[in-house]
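Lettering follows sequence order; numbering is per chain, from 1.
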Amino acid sequence: MLRFVAMRLVGGLPLLFVVSLFIFVLIDLAPGDAAAVVAGENASIERIAQVRQELGLNDPLLIRYGRWLSAALQGDLGKSLTTDQSVLSAIGQKLPVTASLTLVALVFAVTMALTFGILASLKPGGVSDRTVTMLASAAVAAPPFWLALVLVLVFSLNLRLLPALGYRPIGEEGTWIWLKHLILPGIALGTSLAAELALQLKGSLTEVLGRDYILAARAKGMPRVVIVGKHALKNAAIPVVTVLGYRFTQMLGGAVLVEVPFNLPGLGTLAIDSTLAHDVPTLLGLVVLMTAFVIVTNLLVDVSYGYFNPKVRS
Amino acid sequence: MRTKIGLAALVGVAVIIASPLAKAQQADPDATLRVTYAGAPGSLDPHKPKSTGDFPYVVFVYDRLTRIADDLSVHPMLATSWQATPDGKALELKLRTDVVFHDGTKFDAAAVKASLERAKSVGSDVIKGPLRGIASIEVVDPSTVRLVLASGGAELPGVLGTTVGAMISPKAIASGADLATNPGDAGSGPFMIKDFRLNERVTYERAPTYWGPNASSRPKIVELNYVAQGATRINGLKSGQFDVAFISGPDVAQSLKESEAGLYRARQVFVATQHAIMLQPARAIWQDERVRRAVALAIDRESISKDFLAGNCKPASEPLMKENPAYNPATEDLVKYDPAKARALLKEAGVSNLSFEASAIAGSSMAALAPVLQAQLKEVGIDMKVSPRPGFESTGAFRAGQVDALVNPYTGQADVSLTLANHFLGGDKLIDPKNTELKAIAEKALNPALQPAERNKLYQEAMLMVVKEGYGISICNTRQLQIYTDKVIGVDKMDWTWAGLPDYSTLAKSK
């Protein structure tokens, strides 16, 4: 197993290289000038030229990329062109926000999926199955930013139950205030994942619940809770975990759609700002982080197959 | 009171939509005031701003030598008075003697010298530029400082009311501390920094002592939050998360309706920042004055203001607002909408199928305005291609001569000399390079011995000249709002709303 994990991690390195080079070239091809942004408002042409020289932006593309890569291999992702902040520190400042948002969305999605997926699979074709299928189909189609607006309108502006925007770190005003600021964004981000997982779980669980060993367990008088919780759910989990892994990585990208309307200062906002400002080091740092995250998530999904299915493990 | 008079002078500029229950409110010194603004806090170093949007964050901490009221009149702040020497070669400032920086250092002439020398040496272009006319700074006595002038001088009292004249403790300057992210106790303003989150928010706590007005009635804590989306700022106020919110652009119309419906209060101001289209003087297509004039005459400012911007932009004929004492009414006829005349001028100039590229900041209100201009110019046979560019690159591309035109704002300035310097004599350079008259007028107006009326007359002349030249074409001045709850005190008296950079540090909150 360790060899498998190590091989997969090493195999991810060329991917990181290709992705970083691709993004570097893409930013370079995009119209715009980082020097003009760094020089600031009302800067003279001379000042912009001076900044361009200082930042080494006059050097050929491959030299600039080589310089970044060489530093990155030594753990130095450079400094933001616009804020002078180290990229690692900028990402470190924003990561807790996006990680918190993703965590809350994930907990919401999994809880909802388990509840409604199991409910729908118990009586296939019944009222609960049809209701869950209908609601889930609608939820899959609901764009997160639209959902965000509706949630704010109802729960913040009308009922005044939850904050309409912003983020408060756990250490600042406590866990409840932290969570309070993330409930609506978490729901907005996690709803379509919840719906998709619920549909997957329903399909998979319905199939498993029809198998012979489940019928045998029922015949022996085993309680339904134990049949579903202990025997059926684990076997029905593989397709659900596959979707979860795939959609989880997508959630990071989708987080930006929720971070903006809720004004959450997370990685999505950082990505937008650094793209608009041609802040290449920050953008590359983010891309490398995201790619590494996707590699690790996919690896975890593969490893989890072994837990759910002993045949895969062997 | 002075500010009130100033507001009255700005007829129709500032209107308070106050609910009838307005009554005397008592400030709560233990209050926490939460404000949301549209600009991100990028740097708290007054001499090294990342953008003009840093201003509202910086003024909490740093006092300036002078104060600019909303009618653009200059008043004492740390300098109690100022006077040009009889030969006009120097400007002497008398200073307050009761001011102490947060680090305990006494404010005096040596501190002024240290701050201004820092601004001149390490300041960014927008800071250094206005100080170019100062040859040296001399300490006459602890409460008098002399600015020896190499040129100009009349503009300095106004300039020193901006962060150019922000006073930093000499101890902090000597320590070489990074004031952009951690000003510590380097200022002498009403507040000190409690927490700074780059590009997110700044939390201030009231300074233990302050020389200025309402020192003890200001809130204990003020949180100034950056929220990019106007709709989100409105939601934040409506949900009770904020006490005051800054509103501009397309959200103004909705906000006005909601304030009229009594959801919250609003102060509305037409700001000095102005939508404009700038033509690149270096381009051959603009060499004929008749072509430039045709562009100016083809723009229907009334329609843009009423139909496109829902009345939230006041048509303008020149870079200064009508309320500015240096405004020249003679510029109005020069740019009055007349498409027939525009077509005739193009024909007379022998120009047909005129096509040009105009840049605008992507995603900005300028980029939204550009297609409207495009449609209006098409009516007279001019094809304007719009190329949005991110951030300051739009201005950079124009200044580097990479585009034919730029749809961009004239930024509101504390002194007309800065408007001329940023857009005509320097910066955008919207003037025929052969024109030496404008520079001569501008230099003449900087004579510190001139009376304000004499300066204004010269600037009126300058305005007529830049409109006649026609490289910079004014469109309209936008309306901005400060929306706030009933508990907030002093929104109607805030300085710097005219520039879209409100000084929230003067606000108080009732229980």
Side-chain angles (χ1 to χ4, degrees), chain A residues 30-52 80 82-85 89-90 93-94 97 148-149 152-153 155-167 169 172 181 184 259-265 269-270 272-273 275-279, chain B residues 34 36 40 42-43 48-54 124-126 129 178 180-181 195 197-201 225-229 231-242 263 359 361-363 387-397 399-402 411 421-423 426-429:
Chain A
D33 183 3
V37 178
V38 176
E41 233 168 338
N42 285 321
S44 61
I45 301 171
E46 297 75 24
R47 174 71 188 140
I48 294 173
Q50 188 193 341
V51 169
R52 193 175 294 118
S80 160
T82 51
T83 63
D84 283 342
Q85 201 178 11
S89 142
Q93 186 190 331
K94 309 286 183 185
V97 182
L149 297 178
V152 166
L153 195 65
F155 294 99
S156 299
L157 303 188
N158 288 343
L159 301 174
R160 288 202 167 206
L161 288 175
L162 293 163
L165 71 154
Y167 172 79
E172 205 171 89
H181 282 82
L184 296 185
E259 284 179 12
V260 171
F262 285 105
N263 201 53
L264 300 176
T269 314
L270 184 65
I272 291 178
D273 291 346
T275 305
L276 289 175
H278 271 252
D279 189 348
Chain B
R34 292 194 165 94
T36 170
S43 163
K48 297 179 188 173
K50 286 281 178 197
S51 72
T52 47
D54 286 335
S124 59
D125 283 359
V126 286
D178 176 17
T181 54
D195 183 37
R197 289 173 186 267
L198 185 68
N199 290 331
E200 290 176 28
R201 71 169 187 265
N225 297 269
Y226 164 56
V227 176
Q229 306 286 315
T232 312
R233 290 195 292 276
I234 296 172
N235 286 344
L237 187 93
K238 280 156 70 177
S239 67
Q241 279 181 269
F242 297 127
L263 286 184
S359 181
I361 295 177
S387 59
R389 284 177 166 77
F392 307 142
E393 290 173 37
S394 195
T395 322
R399 291 182 176 183
Q402 291 163 5
T411 45
N422 284 342
H423 299 293
D428 300 319
K429 293 184 180 164

- Under a 4.5 Å heavy-atom cut-off, does chain A meet the side chain of Ser124(B), its backbone, both or neither? neither
- Message: Taking every non-hydrogen pair under 4.5 Å, which of Asp84(A), Thr83(A), Ile48(A) racks up the most with chain B?
- Response: Thr83(A)
- Query: If we ignore angles and hydrogens, is there a donor and acceptor under 3.5 Å between the side chains of Asp279(A) and Ser80(A)?
  - Reply: yes
- Item | Among the listed options Gly401(B), Ser43(B), Gly396(B), Ser239(B), the residue most often paired with chain A at heavy-atom distances under 4.5 Å | Ser239(B)
- Message: For a 4.5 angstrom cut-off between non-hydrogen side-chain atoms, does Pro261(A) reach Val152(A)?
- Response: no
- Measure Phe242(B) against the heavy atoms of chain A and call it side chain, backbone, both or neither at under 4.5 Å. side chain
- Min side-chain heavy-atom separation Arg399(B)-Asp428(B) under 4.5 Å: yes
- Message: Suppose we screen for salt bridge (Lys or Arg N to Asp or Glu O under 4.0 Å). Which residues come up paired with Asp195(B), at least two apart in sequence or across chains?
- Response: Arg197(B)
- Note on the structure: Greatest number of non-hydrogen atom pairs under 4.5 angstrom with chain A, of Gln229(B), Gln241(B), Lys238(B), falls to Gln241(B)
- Query: Given that the side chain runs from C-beta out, which part of Arg233(B) has a heavy atom under 4.5 Å from chain A: side chain, backbone, both or neither?
  - Reply: neither
- Donor-acceptor side-chain pairing of Ser387(B) and Arg389(B) below 3.5 angstrom: yes
